[in-house]
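These notes concern the structure reproduced below.
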Amino acid sequence: MSHLVAPSILSCDFAFVARDIEMVNSSEADWLHVDVMDGMYVPNISFGIPVVKAMKRHSKIPLDVHLMIVQPENYLKKFRDAGADVITIHLEACTHLHAAVMEIRSMGAMAGVAINPHTSISALEEILPDIHVVCLMGVNPGFGGQEFIESSIDKCKKLRQMIDEKHLKALIEIDGGVKLDNAQKILDAGADVLVSGSGVFHHGNPVETINQLKSLTRNKAS
Ligand code: DX5
Ligand code: ZN
């Protein structure tokens with residue numbers, strides 16, 4: 001399977017969200033990455049359920065909703081009803097992660113689990129067979145435009161190995177600090193989904209950037 005590209009709408013111009021989603025629609029992007037932040041789990045507030053619902057009206061591609069909120073289990077149905085196709089929750093934010101993953105699956109959405117840079121991939125071992133996406137944070141969550149944490153490359157390689165050895169299907173998504181200049185290295189480490197916010201929207205030609213990210217070829221993990 002070719003890798004997927006998921007522009008992060010957090011870096012769009014919020015005065016022109018519909019226009020920026022149309023731009024994404026006209027590109028080869030696979031998913032629209034939607035960052036929900038509550039000012040509690042992360043030190044930033046982005047937007048909530050009504051905004052996700054409005055974005056859904058414009059997007060022609062699936063919404064990949066990344067919940068950076070405390071007690072995400074209380075909001076799963078609301079985000080599903082708002083149109084989330086992938087719902088990703090943080091391992092660190094969820095006391096009963098397995099139950100939450102099962103609920104996401106039972107609603108017919110893809111279930112994702114995100115881990116922060118300090119969280120070991122070994123913490124994923126038991127949940128891995130049940131999830132569709134592992135979101136490895138390449139930055140500390142909360143803000144777009146941060147620099148990629150290089151140790152995420154090794155972490156990605158180890159996770160790739162873990163998934164392949166167990167013959168599992170979970171996709172590895174890398175989120176934070178992904179740009180055209182490091183995307184190849186990230187793909188070669190075994191990533192399946194590239195999330196890119198500032199690398200796309202703060203670029204002279206966002207459509208071309210998305211298409212360039214999509215046209216990279218994945219070499220085998222080293
Ligand atoms: C960070 C968010 C990311 C962010 C990525 O907390 O989860 O999805 O939008 O933005 P860039 O690509 O600018 O690091
Ligand atoms: Zn995100």
Side-chain angles (χ1 to χ4, degrees), residues 3-14 17 20-21 23-24 27 29-48 51-52 55 59 61-70 72 75 79 84-94 109-119 131-153 155-156 171-187 191-204 206 209-210 212-214 216:
H3 65 280
L4 308 180
V5 175
S8 174
I9 203 68
L10 185 68
S11 291
C12 80
D13 181 341
F14 283 117
V17 185
D20 285 356
I21 293 177
M23 178 279 290
V24 173
S27 77
D30 299 281
W31 292 349
L32 186 69
H33 187 83
V34 176
D35 288 313
V36 177
M37 303 177 181
D38 66 352
M40 301 279 284
Y41 183 64
V42 289
N44 193 13
I45 300 175
S46 58
F47 45 78
V51 175
V52 175
M55 288 175 176
S59 182
I61 54 176
L63 294 194
D64 172 30
V65 176
H66 177 193
L67 298 180
M68 285 162 275
I69 63 176
V70 296
Y75 299 94
F79 280 104
D85 298 281
V86 184
I87 301 180
T88 295
I89 53 181
H90 269 262
L91 179 144
E92 304 89 353
C94 201
M110 287 174 75
V113 170
I115 60 171
N116 287 331
H118 73 274
T119 302
I131 61 181
H132 300 93
V133 182
V134 176
C135 177
L136 283 190
M137 294 306 301
V139 299
N140 287 295
F143 301 93
Q146 301 181 76
E147 200 175 320
F148 185 72
I149 297 170
E150 277 303 319
S151 56
S152 315
I153 293 285
K155 203 171 170 183
C156 183
L171 299 173
I172 303 177
E173 175 177 69
I174 307 290
D175 183 15
V178 179
K179 297 197 158 48
L180 259 181
D181 60 12
N182 62 5
Q184 184 67 58
K185 189 169 59 174
I186 293 168
L187 282 178
D192 301 293
V193 186
L194 299 175
V195 175
S196 184
S198 54
V200 164
F201 287 94
H202 300 171
H203 191 275
T209 306
I210 294 168
Q212 277 178 310
L213 286 169
K214 185 67 184 172
L216 297 171

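Read the numbers this way: they start at 1 and go in the same order the structure lists the ligands and their atoms.
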Problem - Donor-acceptor side-chain pairing of Asp35 and His33 below 3.5 angstrom - result: yes
Exercise for the section: Output the list of atoms in ligand 1 that are nearer than 4.0 Å to some heavy atom of Gly177, sorted by atom number. Expected result: 11 (P), 12 (O), 14 (O)
Practice task
Ignoring hydrogens and angles, tell me if any N or O in the side chain of Lys179 forms a donor-acceptor pair with the backbone of Glu147 under 3.5 Å.
Solution key: no
Practice task
Identify which of Asp175, Ile174, Val42 has a heavy atom lying nearest to atom 5 (C) of ligand 1.
Solution key: Asp175
Exercise for the section: Give the numbers and elements of all ligand 1 atoms closer than 4.0 Å to a heavy atom of Met137. Expected result: 7 (O)
Exercise for the section: Between Lys179 and ligand 1, find which residue part has any heavy-atom pair under 4.0 Å and reply side chain, backbone, both or neither. Expected result: neither
Problem - Residue part near ligand 1, for Pro141, under 4.0 Å between non-hydrogen atoms - result: both
Exercise for the section: Quick one: pull up CG in Leu194 and CD in Gln184 and give me the separation to the nearest 0.5 Å. Expected result: 9.5 Å
Practice task
Give a yes or no on this: more than 12 heavy atoms of other residues, nucleotides or ligands lie within 6.0 Å of atom CZ of Phe143.
Solution key: yes
Practice task
Ignoring hydrogens and angles, tell me if any N or O in the side chain of Asp20 forms a donor-acceptor pair with the backbone of Ile9 under 3.5 Å.
Solution key: no
Practice task
Run the numbers for me: atoms of ligand 1, each under 4.0 Å from some heavy atom of His66, listed by number.
Solution key: 7 (O)
Completion exercise
Checking distances from the Zn ion (ligand 2), one finds that the N, O or S atom of Asp175 closest to it is OD2
Handout entry: Shortest-distance N/O/S atom, Asp35 versus the Zn ion (ligand 2)
Key = OD1
Problem - Identity and distance of the protein heavy atom lying nearest atom 4 (C) of ligand 1 - result: Asp35 OD2, 3.5 Å
Problem - Non-hydrogen atoms of His203 and Gly199 that approach each other most closely - result: CB-O, 3.7 Å
Practice task
Could you name the option among Ser196, Gly145, Gly199 that has the heavy atom nearest to atom 11 (P) of ligand 1?
Solution key: Gly145
Completion exercise
Counting from 1 in the order shown, the ligand 1 atoms closer than 4.0 Å to a non-hydrogen atom of Gly144 are 10 (O), 13 (O)
Handout entry: Side chain Thr209, main chain Val200, donor-acceptor under 3.5 Å
Key = no
Fill in the blank from the handout: Near Met37 (heavy-atom distance under 4.0 Å), the atoms of ligand 1 are 6 (O)
Handout entry: Aromatic plane relationship, His66 with His90 - under 30° parallel, 30 to 60° tilted, over 60° perpendicular
Key = parallel
Handout entry: Vertex the Zn ion (ligand 2), arms to His66 ND1 and His33 NE2, rounded to 10°
Key = 100°
Practice task
Examine distances only and state if a side-chain atom of Asp38 and a backbone atom of Met40 form a donor-acceptor pair shorter than 3.5 Å.
Solution key: yes
